[in-house]
Amino acid sequence: MKIKNNLFKSVILTLSSLAVGFAAIAFPFNLFSTLTSDAMHVVFISEIIIYFFVAMIFLVVADKKKQRRIKLEQRHEKRKAKIESVKRDWIDIAA
């Protein structure tokens, strides 16, 4: 059953990626025949701006994840040091 589910997911993913890829390629070529040169320049510039903002969003999210991971590692190191100091203090008190 698991193999069938994986196969079904793979087929759906392949078909959807082919459809989206075809639309992504066909749409600009359709615009070439319907828009004027100035309108195509506007579409091109707006597309570049949209790609830039999407890339910036991905970079910000990746940077936040990296900062969160670093902060978590620092917290773990502090907790480890605190636990060691508490163990030492208990050994000193017991002695």
Side-chain angles (χ1 to χ4, degrees):
M1 189 64 158
K2 190 174 185 179
I3 295 173
K4 287 182 182 180
N5 285 340
N6 287 340
L7 183 64
F8 181 70
K9 288 178 186 177
S10 298
V11 169
I12 294 297
L13 183 62
T14 302
L15 291 176
S16 63
S17 64
L18 284 172
V20 169
F22 177 76
I25 297 298
F27 183 68
F29 285 112
N30 192 19
L31 288 179
F32 282 133
S33 62
T34 58
L35 295 178
T36 64
S37 176
D38 292 334
M40 281 304 295
H41 287 294
V42 170
V43 169
F44 178 72
I45 291 170
S46 63
E47 187 176 2
I48 296 295
I49 291 170
I50 290 169
Y51 288 152
F52 175 76
F53 281 118
V54 168
M56 289 299 113
I57 289 170
F58 279 116
L59 289 175
V60 166
V61 168
D63 188 47
K64 283 187 178 183
K65 285 183 180 180
K66 183 179 177 183
Q67 293 298 326
R68 187 179 303 136
R69 184 176 41 87
I70 290 171
K71 188 176 179 180
L72 188 63
E73 288 174 2
Q74 289 174 348
R75 180 176 171 264
H76 284 297
E77 291 299 322
K78 285 182 182 179
R79 299 237 344 131
K80 189 185 292 184
K82 185 177 180 181
I83 289 171
E84 289 298 321
S85 69
V86 168
K87 283 181 182 178
R88 263 186 281 116
D89 292 344
W90 279 106
I91 291 172
D92 290 342
I93 290 173

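For the side chain to side chain contact (heavy atoms under 4.5 Å, CB included) with Val54, the qualifying choice from Phe52, Tyr51, Phe58 is Phe58, the only one to do so.
When the side chains of ILVMFWY residues are joined at heavy-atom separations under 4.5 Å, either directly or via intervening members, Phe53 and Ile45 end up in a single hydrophobic cluster. Linking ILVMFWY residues whenever their side-chain heavy atoms come closer than 4.5 Å, directly or via other members, places Ile25 and Val43 in the same cluster.
Interatomic distance, CG of Asn30 versus CG of Leu35, reported as 9.0 Å (0.5 Å rounding). Taking OG1 of Thr36 as the reference point, atom NE2 of His41 lies at 8.5 Å (rounded to 0.5 Å). Distance check: Ile12 CD1 to Leu7 CG gives 10.0 Å after rounding to the nearest 0.5 Å. With values rounded to the nearest 0.5 angstrom, Arg79 atom CZ is found 5.5 Å from Ile83 atom CD1.
Side chains of His76 and Leu72 form a contact here, defined as non-hydrogen atoms less than 4.5 Å apart.
Heavy atoms from other residues, nucleotides or ligands lying under 6.0 Å from CD1 of Ile48 number more than 12.
Sorted pairs that involve residues 12-24 and meet side chain to side chain donor-acceptor pair (under 3.5 Å), not counting sequence neighbours, are lacking altogether. Applying the salt bridge (charged side-chain N to carboxylate O under 4.0 Å, His left out) definition to pairs two or more places apart or across chains, those involving residues 54-71 are Arg69-Glu73.
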